[in-house]
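Both ligands and their constituent atoms are indexed starting at 1 by order of listing. Positions are given from 1, in the same order as the sequence printed here. No experiment lies behind these values; they were computed from the predicted model shown.
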Amino acid sequence: MRKISFVFPLIAMFACLAQLNAQDSFINPPNVVFIYADDIGIGDFSCYGATEFQTPNVDRAAEEGIKFTNVHSAASVCTPSRYAMLMGEYAWRRRGTDVTGGDAAMIIQPDRYTLADLFKQVGYETGIVGKWGLGLGDKAGAQNWNEQFSPGLRDLGFDYSFIMATDGAHVPCVFLENDAVVNTEHNDSIEVNYNRNFHDKPSGRTNPELLNVKPSFGHDQGIVNGISRIGYMQGGEKALWNDREISKVLTEKAISYIESQHTKPFFLYFATHDAHVPRVPGNEFAGKSGMGPRGDSILEFDWSVGQIMNRLRELGLENNTLIVISSDNGPVINDGYNDMAMEMLGEHTPGGVYRGGKYSSFEAGTRVPCIWRWPLAVSPGESDALLCQMDWFATFAQMLGATLPEGAAPDSESLLSAWKGETSKGREWLVLQNQQNNLAITNGEWKYIPPAEGPFLNKNSNIEIGNRNEPQLYNLKEDARERKNLAKQEAQLTIEIDKELRRIVDNRYGLPL
Ligand code: CA
C-alpha cells in the first residue's frame, strides 16, 4: 500500500465541507483533539457512575457533548488497541503488533497510510503528545537514543511530536521531541538494554532497598528515580523525566501545541499516561482521591481535560473543536507495583457493571468511556450505539470529504451519524482482541467468545481474561455482566456467529499478511 504524497488542496476541502454543510452544521473544518487515557475504565468517571470521587471536567465534557456507553477499543491491551485506532485496521491482521517494550522497532511501516496522514491530506497540522507505544526506528533493540530517529513519527504523518517511547513502566525514561531525546548531552550517552543490566548498576531485584515504589510482580529491572522498571538503561542523567511531573509536562506541551496553531485546522493526539503504572501523581493530586495513586491519577487526568478545555475556550476555539475523550483499554488495579490500589479500592468499580478488565475478552476489557464534545455540530446526549475507536478513521474521512487511498483503514467503518448522536445504529459486528490475541465478536446484543487456548485468569492482576476451551455466548442486553453462558442453549446461533467471526477474519481485503 502506497502512501499518497499529494496534499489535498485546502480550497477543495472547503468545497467539500460546503457541500456537507447542507446536512452537517459546520462550515469550517473542526480542530480535533483526542484526549486518550491509559487503562481508565468505563466506571472510572463520575459521569459514568463513579461515586467515590468526582471528575468534574470530564463530566462537563459529557454534559456538553455525547456520552457513549458502548464504544470499544479494538483490543484490551495498549499496543494493538492503539495500532487499530491509528490504522483503522484490526491489529490481529498484522504480525508483530503485540504489546511492545521500549526498544521495539516501529510497528507501522512508514509507507502505510495512518490517521495522521488522513488529517494531513486534508490540510491539517498534526501533532502527538504523550505515550506512543508503537515502537521507534527500524530495528528492535538497536536504536541509538543519542541521535535523531529515522524512521520516526514524522514519517507517520505527525508534523510535531513530544512522546514517551512507551510508558513509565518501561525504559528509557526520557521524552522525545520531534524524534530526538530531549536534553541529551554528548558526554552522557543513553544506553538501553532489555536483555541484561549494565555491570555496575543496581536493579529492583538485587537492591530493593533503593526503591520508593516496589514492584508487586515483574517490573524489577533497571532503577530510575527510585522505581524499578522493565528493561535497563544508563546515562542521560539530564534527560530523565520526573515521574511526578509527567502529566504536568505532557499537558503543558499539549497546550503549547494548541497555542502554536494559527493558520490551519489541527489534529492533536494527546495520549496521557494516567492511570498507567507506575502511578506517581503530581503533588496537587497525591492523596486527594482517598483511593491511593490510581484514583489520584484519574483526578490528574480530569485536570488535564479541564486544562485543555479551558485553554481552547480562552483562545476562542471551543465551539469548533471536536474533543474526543476515551481510553486505550479497560481498567486494571494491580498492574505490577505495590501502590495500594487494591487495598484502597473500597466500593469503586472501575469497570462499571461489566466483567473483566484490561487483558479481557469480557466487556470491561474493551468497553471504555468515550465522549464526543463539539459544540458547533454535536447536540448533547447519550448513545448506546455499538462503535469502535477504529471507526474514527473512516468517519473523519467522510466528515472531511477525503477519499482514502486503496487499502487504507480496511476495517474502519464510517459512522458519522452515530458519532454525532443522530442514530443509535452503529456497527453490525465488532471483533475484539484480548491479551493472548484471542478474538471475540459482538453485535451489541450477543457476545461470542470462541474456544481458545490461554489462561482464564490473569493471576498477577486477578482479572478474568475469559479464555476457555468451550464456546461462550452471552446475551448482553439481559446479562451485561456475562454470567450466563448460553452457547449450549443457543447452539445454532452460536454456530452462525462463529461463521460470522470466521468470515471477518478470513477477509483480508486482498492484502498480504
Ligand atoms: Ca493501556
Test of ring centre spacing under 6.0 Å for Phe119 and Trp392
no
Please work out the angle at the Ca ion (ligand 1) defined by atom OD1 of Asp38 on one side and atom OD1 of Asn329 on the other, rounded to 10°.
160°
Would His276 count as a contact for the Ca ion (ligand 1), in the sense that one of its N, O or S atoms lies under 3.0 Å from it?
no
Worked check of ring-ring contact (aromatic ring centres under 6.0 Å, His included) between Phe162 and Phe175
CA-CA 7 Å; Phe162 186 95; Phe175 295 118; 5.1 Å; yes
Indicate if the distance from the Ca ion (ligand 1) to the nearest N, O or S atom of Asp167 falls below 3.0 Å.
no
Between Ser81 and the Ca ion (ligand 1), is there a contact where an N/O/S atom of the residue lies under 3.0 Å from the metal?
no
Could you grab the angle centred on the Ca ion (ligand 1), going from OD1 in Asp39 to OD2 in Asp328, to 10°?
150°
Does NZ or CZ of Arg468 come closer than 6.0 Å to the centre of the six-membered ring of Phe456, within 45° of the ring's axis?
yes
Check the surroundings of atom CZ in Arg483: do more than 12 heavy atoms from other residues, nucleotides or ligands lie under 6.0 Å from it?
yes
Give a yes or no on this: more than 12 heavy atoms of other residues, nucleotides or ligands lie within 6.0 Å of atom NZ of Lys248.
no
